[in-house]
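Keep in mind it's a predicted model, so treat the numbers as computed, not measured.
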Amino acid sequence: MNSQLQNYFFILLLVVVAGFALMTKPAAATFDPILEASITNAFGGDDRNGDDRLEKEIDQLYCTFGDATCERNFRAGHTIEEADYILLRHNRVTYQNVSVANCIGAFSYWICFNG
C-alpha cells in the first residue's frame with residue numbers, strides 16, 4: 001500500500017470511530033444509577049451495577065461514624081459537576097470540596113478514575 005492510500009484509510013478510520021463515539025455517547029441520566037450503586041456498595045451493599053473504581057474512591061473517604069451515617073452524609077453532601085463534550089461526557093464527583101472521582105462516559109459506558 002502506498003503512503004497516500006494509508007493516510008486516506010487512517011482518516012476514514014478516524015471518521016468512523018468518531019461517528020460511532022458520537023452515536024453511542026451515554027445520556028447524562030445514565031450516570032445516576034451507577035453512582036447510586038457505587039455509594040451503596042462502598043457502605044456495605046451488594047449492587048452489581050456500580051463502578052468498582054468509583055466505589056473504591058468513595059470507600060476511602062475518611063469517616064469515623066458507622067456505615068449508615070457515612071452513607072447518609074455522603075449522599076447529602078456530594079456534588080456532581082457535569083461537562084458535555086462532542087464525543088464524551090465528563091462527570092466530577094466531589095464531597096466537601098474534595099474530588100472523589102472523575103468519570104468519563106463514552107461508547108455507552110462510564111469509566112471512573114480517582115479524583
Got a second to check how far [X]'s [atom1] is from [Y]'s [atom2], nearest 0.5 Å?
| X | Y | atom1 | atom2 | value |
| --- | --- | --- | --- | --- |
| E82 | N91 | CD | CG | 4.5 Å |
| E57 | N102 | CD | CG | 9.5 Å |
| K56 | C112 | NZ | SG | 13.0 Å |
| N41 | E71 | CG | CD | 9.5 Å |

Could you list who else is in L87's hydrophobic cluster, with ILVMFWY side chains joined at under 4.5 Å, directly or through other members?
L22, I86
Closest heavy-atom contact between L88 and A106?
CB-CB, 4.1 Å
Do you know the tightest heavy-atom contact between T30 and A27?
OG1-O, 2.6 Å
Taking the side chain as everything from C-beta on, heavy atoms only, tell me whether [X] gets closer than 4.5 Å to [Y].
| X | Y | value |
| --- | --- | --- |
| I34 | Y109 | no |
| T40 | R75 | yes |
| I104 | Y85 | no |
| Y95 | I58 | no |
| L35 | H78 | yes |

Please check if atom CG in N7 has more than 12 non-hydrogen atoms from other residues, nucleotides or ligands closer than 6.0 Å.
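Counting neighbours around CG of N7, more than 12 heavy atoms of other residues, nucleotides or ligands fall under 6.0 Å, so yes.
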Do side-chain atoms of K25 reach the backbone of D84 as a donor and acceptor pair under 3.5 angstrom?
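Looks like no, no N/O pair under 3.5 Å.
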Distance only, no hydrogens: is a donor on one side chain within 3.5 Å (strictly under) of an acceptor on the other, for S108 and T24?
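Side chains of S108 and T24: no pair found under 3.5 Å.
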For the hydrophobic clusters of this structure (ILVMFWY residues joined by side-chain heavy atoms under 4.5 Å, transitively), does one cluster hold both W110 and I80?
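Yes; tracing contacts between hydrophobic side chains, which count when under 4.5 Å, links both residues.
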